[in-house]
Participant: 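Let me begin by handing over the structure; questions about it come next.
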Amino acid sequence: MKNFIKYISLACASIFALSACNDDEDIIKLDPSTFVAPKVETPASSTIELLEENAANTAMTFNWSAANYGTNTPPKYELQIDIKGDNFENHQVLTSTSTLTADVTVKELNLAVIALGLEPFKEGEIEYRIVSTVGTPGYQQLISNVNILKITPYPTDLSTNWGVVGSAAPNGWDGPDVPFWKTDVTNVFVAYTDLKPNDKNESEIKFRQDNKWELDYGGSNGKLEKGGKNIAVDAGTYKITMDLTNLTYKLDKYSWGLVGDATANGWDGPDQKLSYDGALDAWTITTTLKDGEFKFRLNNDWGTNYGGTSNAGELTDKDGANIKIKAGKYKITANFTKKTYTVEAQ
């Protein structure tokens, strides 16, 4: 028995030694003198006018060559943009990826350049570059060449003069109404809200303009009618879609929340609800968390959930890692379209 234990110990020691050798070989391979930085391709056109009606379309496809670190570990790439002459000190990240190309929509590019300070309907110049890393986030950065784009953005205000009112709405029939927000489709608006029964156990809503009754829509079975009857609804948290071109509406159970042992209700939930912020086109919550981990999920269900990646601030719905956090009060903002998030101590 002693000999058996001795042989097992020797075998384990040998495996450890081989593993250590392999680790050393990987470190030796990372010779900065041999590194090759990525190179951004010159765009076919360096002038772009962004139009709101094209928000869902691709504004530009960015391409670049691979960085070379002399290792088989695939690099991560950030596509960064900033105002020309700002030296990327206040840059925005358009995407983080392991591929060598990125399709950026009109809406994504417009939000980024407005955040950088470009004025709507006025041409401004931005610079963009690729920053690659290998290993842990921010490690062994290689920076590409810089290209310049002339961009004319449009205003990013997603607000409308339409709202949801009713006995089931948070403020009842007197309002103020729950706001509808613009989408990428003209005359299609969305609202996010909790609907509830009133004292008479009635749950009804209508859609109206300017918090007044001069123009309102009611209806049934997904069809809208000007001045129509109240729309009966069940209590719950909803995404409400109103299509004023086709005069239709749709109610979907819809809520984003935080789940995890860092939250008040743990991994079993119910999740701590995030609120939609139309000014940011993102979801946000200010809450107190414990030492632990959290993830984002839709409708208190694991069918759709987002965790973190090795890149700080990046989300993924494919085996995303739990996001670690220290106890404290935080403002957490998530954009599930761009798959990004921020955590700010309060």
Participant: With a 4.5 Å limit on heavy-atom distance, are the side chains of Lys39 and Ser144 in contact?
Facilitator: no

Participant: Please check if atom CG in Asp291 has more than 12 non-hydrogen atoms from other residues, nucleotides or ligands closer than 6.0 Å.
Facilitator: yes

Participant: To which residues is Trp213 joined in a hydrophobic cluster, defined by side-chain heavy-atom contacts under 4.5 Å among Ile, Leu, Val, Met, Phe, Trp and Tyr, whether direct or through other members?
Facilitator: Val165, Trp173

Participant: To the nearest 0.5 Å, how far apart are NZ in Lys182 and CG in Asp281?
Facilitator: 12.5 Å

Participant: How far does OG1 of Thr156 sit from CG of Leu111, to the nearest 0.5 angstrom?
Facilitator: 6.0 Å

Participant: Can we call the ring centroids of Tyr192 and Trp283 under 6.0 Å apart?
Facilitator: yes

Participant: Just so I know, are the side chains of Thr61 and Thr101 near enough to count as touching, which here means a heavy-atom distance under 4.5 Å?
Facilitator: yes

Participant: Test Thr309 against every option in Lys318, Glu314, Lys76 by the side-chain hydrogen bond (donor to acceptor under 3.5 Å, both in side chains) rule and name the one that passes.
Facilitator: Glu314

Participant: Testing Lys229, Lys206, Arg208 for salt bridge (charged side-chain N to carboxylate O under 4.0 Å, His left out) with Asp216, which one passes?
Facilitator: Lys206

Participant: Could you pull out all residues at least two apart from Ser159 that satisfy side chain to side chain donor-acceptor pair (under 3.5 Å)?
Facilitator: Asp157

Participant: How is the hydrophobic cluster of Val188 composed, in terms of its other members, when Ile, Leu, Val, Met, Phe, Trp and Tyr link through side-chain heavy atoms under 4.5 Å apart, directly or indirectly?
Facilitator: Val185

Participant: Charged N to carboxylate O below 4.0 Å: is that the case for Arg129 and Asp82?
Facilitator: no

Participant: Stepwise, does the side-chain contact (heavy atoms from CB on, under 4.5 Å) test hold for Thr337 with Thr105?
Facilitator: CA-CA 11 Å; Thr337 301; Thr105 67; over 6 Å; no

Participant: Sequence neighbours excluded, which residues qualify as side chain to side chain contact (heavy atoms under 4.5 Å, CB included) partners of Lys329?
Facilitator: Thr286, Thr288, Gln346

Participant: Would you compute the distance between atom CD of Gln80 and atom CD1 of Ile143 and round it to the nearest 0.5 angstrom?
Facilitator: 7.5 Å

Participant: Give the intermediate values and the outcome of side-chain contact (heavy atoms from CB on, under 4.5 Å) for residues Asn110 and Glu52.
Facilitator: CA-CA 9 Å; Asn110 193 75; Glu52 187 172 7; over 6 Å; no

Participant: Side-chain contact, heavy-atom cut-off 4.5 Å: Val40 with Phe62?
Facilitator: no

Participant: What about Ile83 and Phe121, same hydrophobic cluster or not, with Ile/Leu/Val/Met/Phe/Trp/Tyr joined at side-chain heavy-atom distances under 4.5 Å?
Facilitator: yes

Participant: Do Phe294 and Trp267 land in one hydrophobic cluster if side-chain heavy atoms of ILVMFWY residues count as linked below 4.5 Å?
Facilitator: no

Participant: Just to verify, what does Asp271 make a side chain to side chain contact (heavy atoms under 4.5 Å, CB included) with, not counting sequence neighbours?
Facilitator: Val259, Arg297, Asn300

Participant: State the CG-CG distance between Asp103 and Asn57, to the nearest 0.5 angstrom.
Facilitator: 11.5 Å

Participant: Determine, using the 4.5 Å side-chain heavy-atom cutoff (strictly less than), whether Ile285 and Ile325 are members of one ILVMFWY cluster.
Facilitator: yes

Participant: Parallel, tilted or perpendicular: which describes the rings of Phe336 and Tyr306, with under 30° parallel and over 60° perpendicular?
Facilitator: tilted

Participant: Starting from Val146, walk the hydrophobic network (Ile, Leu, Val, Met, Phe, Trp, Tyr; side-chain heavy atoms closer than 4.5 Å) and list everyone else you reach, by chain and number.
Facilitator: Phe88

Participant: Would you say Glu78 and Asn311 make side-chain contact, with heavy atoms under 4.5 Å?
Facilitator: no

Participant: If every non-hydrogen atom of Tyr69 is compared with every non-hydrogen atom of Ser132, which pair is closest and at what distance?
Facilitator: OH-OG, 2.9 Å

Participant: Considering all heavy atoms of both residues, which atom of Asn171 and which atom of Pro176 are nearest to each other, and what is their separation?
Facilitator: ND2-O, 2.8 Å

Participant: Side-chain heavy atoms nearer than 4.5 Å, only ILVMFWY residues, links allowed to pass through others: does that put Val93 and Ile323 together?
Facilitator: no

Participant: What residues form a side chain to side chain donor-acceptor pair (under 3.5 Å) with Lys273, not counting sequence neighbours?
Facilitator: Asp194, Thr237

Participant: Any side-chain heavy atom of Thr186 within less than 4.5 Å of one from Thr245?
Facilitator: no

Participant: Mark yes or no for whether Asn246, through its side chain, and Thr248, through its backbone, hold a donor-acceptor pair below 3.5 Å.
Facilitator: no

Participant: Please identify each residue that fulfils side chain to side chain contact (heavy atoms under 4.5 Å, CB included) with Asp184, with sequence neighbours left out.
Facilitator: Ala55, Ala56, Lys107

Participant: Thr263: which residues meet the side chain to side chain donor-acceptor pair (under 3.5 Å) condition with it, sequence neighbours left out?
Facilitator: none

Participant: Does the side chain of Pro38 reach to within under 4.5 Å of the side chain of Tyr77, using non-hydrogen atoms?
Facilitator: yes

Participant: Does Ile148 offer a backbone N or O that forms a donor-acceptor pair with the side chain of Glu125 under 3.5 Å?
Facilitator: no

Participant: Would Leu315 and Leu289 show up in the same hydrophobic cluster when neighbours are defined by side-chain heavy atoms closer than 4.5 Å?
Facilitator: yes

Participant: Between Leu94 and Glu108, what is the shortest heavy-atom contact and its length?
Facilitator: CD2-O, 4.3 Å

Participant: Test side-chain contact (heavy atoms from CB on, under 4.5 Å) on Lys331 and Thr284 and set out the steps.
Facilitator: CA-CA 7 Å; Lys331 179 180 180 181; Thr284 184; 3.5 Å; yes

Participant: Given the rule in the side-chain contact (heavy atoms from CB on, under 4.5 Å) test, do Thr304 and Asn299 qualify, once you have shown the distances and angles that lead to the verdict?
Facilitator: CA-CA 8 Å; Thr304 300; Asn299 295 337; over 6 Å; no

Participant: Start with the C-alpha gap between Lys250 and Asp243, add the side-chain angles, then the distance that decides, and say whether salt bridge (Lys or Arg N to Asp or Glu O under 4.0 Å) holds.
Facilitator: CA-CA 9 Å; Lys250 186 180 180 184; Asp243 184 339; over 6 Å; no

Participant: For the residue pair Lys295 and Trp302, what are the closest heavy atoms and their distance?
Facilitator: CD-CZ3, 4.2 Å

Participant: How long is the gap from OG1 on Thr287 to CG on Leu258, to the nearest 0.5 Å?
Facilitator: 7.0 Å

Participant: Do the non-hydrogen side-chain atoms of Leu158 and Tyr276 ever get within less than 4.5 Å of each other?
Facilitator: yes

Participant: Under 3.5 Å, is there a donor-acceptor pair between the side chain of Thr95 and the main chain of Leu79?
Facilitator: no

Participant: Does Asp177 offer a backbone N or O that forms a donor-acceptor pair with the side chain of Asn211 under 3.5 Å?
Facilitator: yes

Participant: Calculate, to the nearest 0.5 Å, the distance between atoms CG and CG belonging to Asp268 and Asp261 respectively.
Facilitator: 11.0 Å

Participant: Sequence neighbours left out, what passes side chain to side chain donor-acceptor pair (under 3.5 Å) with Thr97? Give chain and number order.
Facilitator: Thr99

Participant: Linking Ile, Leu, Val, Met, Phe, Trp and Tyr through side-chain heavy atoms less than 4.5 Å apart, which residues share a cluster with Leu224?
Facilitator: Trp162, Val164, Val178, Phe180, Phe189, Leu195, Ile205, Phe207, Leu215, Tyr217, Ile231, Val233, Tyr238, Ile240, Met242, Leu244, Leu247, Tyr249, Leu251

Participant: Provide the closest heavy-atom pair for Leu50 versus Ile48 in the form atom of the first, atom of the second, distance.
Facilitator: CD2-CG2, 3.5 Å

Participant: Kindly indicate whether the side chain of Met60, heavy atoms from C-beta on, has any atom under 4.5 Å from the side chain of Leu149.
Facilitator: yes

Participant: With sequence neighbours left out, write down each residue that passes side chain to side chain contact (heavy atoms under 4.5 Å, CB included) with Ala37, or none if nothing qualifies.
Facilitator: Leu142

Participant: Restricting to non-hydrogen atoms, name the atom on Val113 and the atom on Ile126 that form the minimum distance, rounded to 0.1 Å.
Facilitator: CG1-CG2, 4.2 Å

